[in-house]
K.L.:
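Got a structure for you, questions after.
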Amino acid sequence: MKLADQSLGMENQTTVTEFILLGLSSDPQLQMLLFFVFLVIYLIILAGNMVIMFVIRADSHLHTPMYFFLFHLSFVDLCYSSAVVPKMLVNLLARHKTISVNACFTQTFFIFLSASCEAFMLSAMAYDRYAAICDPLHYAGTMNKSVCRQLVGGSWTMGLMYSLVNTVPVLNLNFCGPNEIGHFSCELPPLLTLSCTETLVNKITLLSSIAVLAVINILLVLVSYIQIISTILRIRSAEGRHKAFSTCSSHLIVVGLLYTTALFQYMKPSSISSVILDQVASIQYSIFTPMLNPIIYCLKNKEVKIALGRILKKTKKSKSQLM
């Protein structure tokens, strides 16, 4: 453990300058297997989200509010996974699985920023589906470019505020004892347990901010979908109901994946807390969800598949012309 000695009055105290991330396993063979598994998953995350972003940007048929939000959701997923996975992969191969205190705080900041921004982005997407299904005649005016940009900008702004509220107070904490984090990333709950100073205010701030974030976003999604379902049920034809619901199904699956695991991780009683359970939940919402999002949207969305087909045809034609 690397320690830097500091004199405080008459007492000598030691300040931790780096943490040890214990990761998923201490078995070298299992670590190597996990490295390749998560490397493949990370490459899928990068490829899948970049393809979604490229297709949306390249195909003019997808220049609509729904795909504008999907573009930014893919970007957030890239940020989210990149805040966690690269360091995780390095530590799976490294003998000394350390991370500096400043790097740890930075990782915590970006985890909070990406997670909260994704929550607000999904709420914006729910509102977009509400406007499209419940008030289609005014949809173009309601979800114009200015409104869409404001919703995306608001998501990032709220995410930044949420992240600062939880990470700035951590900078005032002292870490002078154990420096082993029983996790593969610097999430705030295990980090707070290592502090030598009182963390009650930090814990109250964390739980309060999570509760506010969850209530606001879940209510926005619920209200939107109550109105959407009510409107869909009034559609007479089965084909019309299916078509209307199909535009929402991908979003509902993504919302379910994110909220069930994230809320379980941060709001579960301490009596059922365990390191393995915490790590499984974290892997789900910080790694698997960014991987599954583009797959879900590609498989469930005909327009994305058609647009991808058009781009591939254009690429083949241009190659044949060059030959």
Side-chain angles (χ1 to χ4, degrees), residues 45-46 48-57 62-84 109-133 139 142-166 209-210 212-225 228 247-263 265-266 284-298 300-301 304:
I45 292 170
L46 293 177
N49 285 289
M50 284 181 177
V51 165
I52 288 281
M53 293 170 69
F54 172 74
V55 170
I56 292 172
R57 186 58 62 89
L62 301 183
H63 292 177
T64 63
M66 182 173 76
Y67 295 106
F68 177 79
F69 292 121
L70 180 55
F71 178 93
H72 287 279
L73 180 66
S74 294
F75 179 71
V76 172
D77 282 336
L78 285 175
C79 295
Y80 201 171
S81 57
S82 296
V84 175
F109 172 83
F110 281 105
I111 287 172
F112 273 121
L113 174 63
S114 302
S116 53
C117 183
E118 178 149 348
F120 283 107
M121 200 76 70
L122 289 171
S123 295
M125 295 174 77
Y127 176 70
D128 171 69
R129 292 299 81 209
Y130 159 77
I133 294 172
Y139 177 66
T142 303
M143 299 301 297
N144 57 56
K145 288 184 179 180
S146 176
V147 170
C148 292
R149 287 170 184 157
Q150 287 173 13
L151 287 171
V152 169
S155 297
W156 281 106
T157 302
M158 295 300 292
L160 179 62
M161 291 173 61
Y162 177 79
S163 186
L164 290 172
V165 163
N166 283 288
S209 61
I210 289 173
V212 170
L213 177 78
V215 168
I216 290 174
N217 286 284
I218 289 174
L219 277 178
L220 287 171
V221 172
L222 277 177
V223 170
S224 296
Y225 273 99
I228 288 168
T247 65
C248 306
S249 56
S250 299
H251 179 258
L252 276 172
I253 294 170
V254 170
V255 168
L257 283 172
L258 178 68
Y259 279 111
T260 51
T261 50
L263 287 176
Q265 170 74 335
Y266 284 96
Q284 171 60 40
Y285 64 73
S286 65
I287 300 175
F288 284 163
T289 296
M291 179 189 72
L292 292 172
N293 283 358
I295 296 172
I296 291 168
Y297 275 103
C298 282
K300 298 285 292 180
N301 197 303
V304 173

K.L.:
Does CZ belonging to F75 count more than 12 external heavy atoms closer than 6.0 Å?
P.N.:
no
K.L.:
For a quick test of reading the model, state the closest non-hydrogen atom pair linking N217 to A119 and the distance between them.
P.N.:
OD1-O, 3.1 Å
K.L.:
Can you tell me which residue among L220, L122, V221, L151 is in a side chain to side chain contact (heavy atoms under 4.5 Å, CB included) with Y127?
P.N.:
L151
K.L.:
Does the pair I45 and I287 meet the rule for a side chain to side chain contact (heavy atoms under 4.5 Å, CB included), with working shown?
P.N.:
CA-CA 8 Å; I45 292 170; I287 300 175; 4.2 Å; yes
K.L.:
Once you round to the nearest 0.5 Å, how far does CG of D77 lie from NE2 of H72?
P.N.:
13.0 Å
K.L.:
Closer than 3.5 angstrom, by distance alone: can the side chain of S163 be matched with the main-chain N or O of F109 as a donor-acceptor pair?
P.N.:
yes
K.L.:
What verdict does the side chain to side chain donor-acceptor pair (under 3.5 Å) test give for S114 and E118, after you've listed the backbone C-alpha separation in whole Å, the side-chain angles of each residue and the deciding distance to 0.1 Å?
P.N.:
CA-CA 6 Å; S114 302; E118 178 149 348; over 6 Å; no
K.L.:
Measure across C148 and M143 and return the closest heavy-atom pair with its distance rounded to 0.1 Å.
P.N.:
SG-O, 3.7 Å
K.L.:
If I take atom OG from residue S74 and atom CD1 from residue I52, how far apart are they, to the nearest 0.5 angstrom?
P.N.:
5.0 Å
K.L.:
Donor-acceptor pair, S116 side chain versus L113 backbone, under 3.5 Å?
P.N.:
yes
K.L.:
Is a side-chain N or O of N49 found less than 3.5 angstrom from the main chain of P290, in a donor-acceptor match?
P.N.:
yes
K.L.:
Would Y139 and I133 satisfy side chain to side chain contact (heavy atoms under 4.5 Å, CB included), going step by step from the backbone distance to the final call?
P.N.:
CA-CA 9 Å; Y139 177 66; I133 294 172; over 6 Å; no
K.L.:
Report yes if the side chains of Y162 and I210 come closer than 4.5 Å at any heavy-atom pair, otherwise no.
P.N.:
yes
K.L.:
Kindly give the heavy-atom pair with the smallest separation between A126 and I228, and that separation in Å.
P.N.:
O-CD1, 4.2 Å
K.L.:
Are Y80 and I111 side-chain neighbours, meaning at least one heavy-atom pair lies under 4.5 Å?
P.N.:
yes
K.L.:
Under 3.5 Å, which donor-acceptor pairs link side chains of residues 62-69 to any protein atom two or more places apart or in another chain?
P.N.:
from : atom 1 : to   : atom 2 : distance (Å)
H63  : NE2    : I56  : O      : 3.2
H63  : NE2    : R57  : O      : 3.2
H63  : NE2    : D59  : O      : 3.4
Y67  : OH     : N301 : OD1    : 2.8
Y67  : OH     : N301 : ND2    : 3.1
Y67  : OH     : E303 : OE1    : 2.4

K.L.:
Check the angle between the aromatic planes of H251 and Y225 and answer parallel, tilted or perpendicular using the 30° and 60° thresholds.
P.N.:
parallel
K.L.:
Determine whether more than 12 heavy atoms belonging to other residues, nucleotides or ligands lie under 6.0 Å from atom OH of Y130.
P.N.:
no
K.L.:
Return the minimal non-hydrogen interatomic distance between V76 and M121, and the atom names on each side.
P.N.:
CG2-CE, 3.9 Å
K.L.:
Under 3.5 Å, side chain of S81 to main-chain N/O of L78, donor-acceptor pair present?
P.N.:
yes
K.L.:
State, with a plain yes or no, whether a side-chain heavy atom of L213 is found less than 4.5 Å away from one of F120.
P.N.:
yes
